[in-house]
**Q** 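Got a structure for you, written out below as structure tokens; questions coming shortly.
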Amino acid sequence: MDVRVRTLESLLVEKGYLDPAALDAVIETYEKKIGPRNGSMIVARAWSDPAYLERLRKDATAAIAEFGFGGRQGEHMRIVENTPQTHNMVVCTLCSCYPWSVLGLPPVWYKSAPYRSRAVSEPRAVLAEFGVALPEETQVQVWDSTAELRYLVIPMRPQGTAGWSEERLADLVTRDSMIGTGLASEPEGTP
């Protein structure tokens, strides 16, 4: 896949259809300005501000817009919260609908046919492949993202983070934890 993308890019540049500087600017925007850090700030605020979490529950799109995030592929958002009883995982079974404004570019695996089919049919096996082992009593809920509705998982807040600043909390939130294929990182020194 990587070779095909690079070959196509080279041909488009060679024919004058694509400006490499413009492509670099788009990539930088999605990696640094519209990347997973946006989502991690939302999660950190939800963990530390009960009023904000309630606004997310009632109208995630509007609450996320408070950060200035929205628009393209982030206009219809819903949050789902992980608890000890329920672990949420997001997939788009039709293509690769994904909330770019809060998570940045979708990972290659998110768009792959095996992930899209197996996340629905055998979610625990998929989670195990990502290194997520859940207690048997924890229910796995799979959400199918669409062009009309995209999901953001609010992972469980790690123990030992009481009193932490939002910025410090955001450092524990990973892209995969906001898709549900990972967990929030544990604070350093936590077993």
**Q** Do Leu94 and Thr146 have side-chain heavy atoms sitting under 4.5 Å apart?
**A**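 SC-SC contact between Leu94 and Thr146 ruled out.
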**Q** Closest heavy-atom contact between Val140 and Pro123?
**A** CG1-CB, 3.7 Å
**Q** CZ of Arg150 to NE2 of His76: how many Å apart, nearest 0.5 Å?
**A**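 If I round to the nearest 0.5 Å, the distance is 8.5 Å.
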**Q** Between CD1 of Ile42 and CG of Asn38, what distance do you get to the nearest 0.5 Å?
**A** 6.5 Å
**Q** Apply side-chain hydrogen bond (donor to acceptor under 3.5 Å, both in side chains) to Arg57 and list each qualifying residue two or more places apart in sequence or on a separate chain.
**A**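 With sequence neighbours excluded, Arg57 shows a side-chain hydrogen bond (donor to acceptor under 3.5 Å, both in side chains) to Glu54, Glu81, given in chain and number order.
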**Q** Tell me, with the steps shown, if Tyr52 and Glu66 meet side-chain contact (heavy atoms from CB on, under 4.5 Å).
**A** CA-CA 10 Å; Tyr52 182 72; Glu66 293 176 26; 3.6 Å; yes
**Q** Could you list the residues that satisfy side chain to side chain contact (heavy atoms under 4.5 Å, CB included) with Ala60, not counting sequence neighbours?
**A** Leu56, Ile64, Met77, Ile79
**Q** Can you run down the salt bridge (Lys or Arg N to Asp or Glu O under 4.0 Å) pairs that involve residues 86-100, sequence neighbours left out, and say none if there aren't any?
**A** none
**Q** Using side-chain heavy atoms (C-beta onward) and a distance below 4.5 Å, is Pro187 in contact with Trp164?
**A** yes
**Q** Any link between Val108 and Tyr115 through a network of hydrophobic side chains (Ile, Leu, Val, Met, Phe, Trp, Tyr) touching at under 4.5 Å?
**A**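 Val108 does not cluster with Tyr115.
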**Q** Flag the pair Tyr151 / Cys92 as yes when at least one side-chain heavy-atom distance between them is below 4.5 Å, and no otherwise.
**A**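 A side-chain contact is absent here, since even the closest heavy-atom pair is not under 4.5 Å.
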**Q** Using a 4.5 Å cut-off on heavy atoms from C-beta on, say whether the side chain of Trp47 contacts that of Pro155.
**A** yes
**Q** What residues, two or more places apart in sequence or in another chain, satisfy side-chain hydrogen bond (donor to acceptor under 3.5 Å, both in side chains) together with Asp49?
**A** none
**Q** Using modelled atom types and a 3.5 Å cut-off, is there a donor and acceptor pairing between side-chain atoms of Thr86 and backbone atoms of Asn82?
**A**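 Flag not set: sc Thr86 to bb Asn82 has no pair under 3.5 Å.
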**Q** Does Phe67 share a hydrophobic cluster with Ile154, counting links as ILVMFWY side-chain heavy atoms below 4.5 Å and allowing steps through other members?
**A**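 Linked, Phe67 and Ile154 end up in one cluster.
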**Q** Linking I/L/V/M/F/W/Y whenever any side-chain heavy atoms sit under 4.5 Å apart, do Leu18 and Leu11 land together?
**A**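 No, separate clusters.
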**Q** Determine whether Met178 and Val102 satisfy the following criterion, side-chain contact (heavy atoms from CB on, under 4.5 Å), listing intermediate values before the conclusion.
**A** CA-CA 9 Å; Met178 295 181 284; Val102 293; over 6 Å; no
**Q** For residues 8-17, which residue pairs qualify under side-chain hydrogen bond (donor to acceptor under 3.5 Å, both in side chains), counting only residues two or more places apart or in two chains?
**A**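 The answer is none; no pair qualifies.
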**Q** Output yes when a side-chain donor or acceptor of Tyr110 lies under 3.5 Å from a complementary backbone atom of Cys97, and no otherwise.
**A**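 Yes, because the side chain of Tyr110 sits within donor-acceptor range (under 3.5 Å) of the backbone of Cys97.
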**Q** List the residues meeting side chain to side chain contact (heavy atoms under 4.5 Å, CB included) with Arg116, not counting sequence neighbours, and say none if there are none.
**A**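 By the side chain to side chain contact (heavy atoms under 4.5 Å, CB included) rule, Arg116 matches Val91.
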**Q** Between Arg55 (side chain) and Asp59 (backbone), is there a donor-acceptor pair under 3.5 Å?
**A**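 A pair under 3.5 Å: no.
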**Q** With Glu167, which residues qualify under side chain to side chain contact (heavy atoms under 4.5 Å, CB included), at least two apart?
**A**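 Listed in chain order: Arg37, Ser165.
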**Q** Within the side chain of His87, is there an N or O that forms a donor-acceptor pair under 3.5 Å with the backbone of Gly180?
**A**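 Confirmed, His87 side chain pairs with Gly180 backbone.
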**Q** Are any non-hydrogen side-chain atoms of Asp171 and Leu169 less than 4.5 angstrom apart?
**A** no
**Q** Suppose we screen for salt bridge (charged side-chain N to carboxylate O under 4.0 Å, His left out). Which residues come up paired with Arg4, at least two apart in sequence or across chains?
**A** none
**Q** Could I get the full list of side-chain hydrogen bond (donor to acceptor under 3.5 Å, both in side chains) partners for Arg175, not counting sequence neighbours?
**A** none
**Q** Kindly state each residue pair satisfying side-chain hydrogen bond (donor to acceptor under 3.5 Å, both in side chains) with at least one member in residues 121-144, sequence neighbours excluded.
**A** Asn88-Trp143, Thr93-Asp144, Arg118-Glu122, Arg118-Glu129
**Q** Suppose we screen for salt bridge (charged side-chain N to carboxylate O under 4.0 Å, His left out). Which residues come up paired with Arg45, at least two apart in sequence or across chains?
**A** Glu166
**Q** In terms of hydrophobic clustering (I, L, V, M, F, W, Y; side-chain heavy atoms under 4.5 Å; direct or indirect links), are Val142 and Met156 co-clustered?
**A** no
**Q** For Ser177, which residues count as a side-chain hydrogen bond (donor to acceptor under 3.5 Å, both in side chains) partner, sequence neighbours excluded?
**A**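 Checked Ser177 against side-chain hydrogen bond (donor to acceptor under 3.5 Å, both in side chains); matches are Thr174.
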**Q** For the atom pair CG (Leu103) and CG (Asp176), what is the distance rounded to the nearest 0.5 Å?
**A** 9.5 Å
**Q** Which atom pair, heavy atoms only, marks the closest approach of Tyr98 to Ser145?
**A**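 Minimum heavy-atom contact is N-OG, 4.3 Å.
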**Q** Write down the atom of Ala44, the atom of Ala170, and the distance for their closest heavy-atom approach.
**A**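 Heavy atoms of Ala44 and Ala170 come nearest at CB-N, 3.6 Å.
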**Q** Would you please test Ile179 and Val153 for side-chain contact (heavy atoms from CB on, under 4.5 Å) and show each step?
**A** CA-CA 6 Å; Ile179 297 171; Val153 174; 5.8 Å; no
**Q** Between atom CE of Met89 and atom CZ of Phe130, what is the distance when rounded to the nearest 0.5 Å?
**A** 8.5 Å
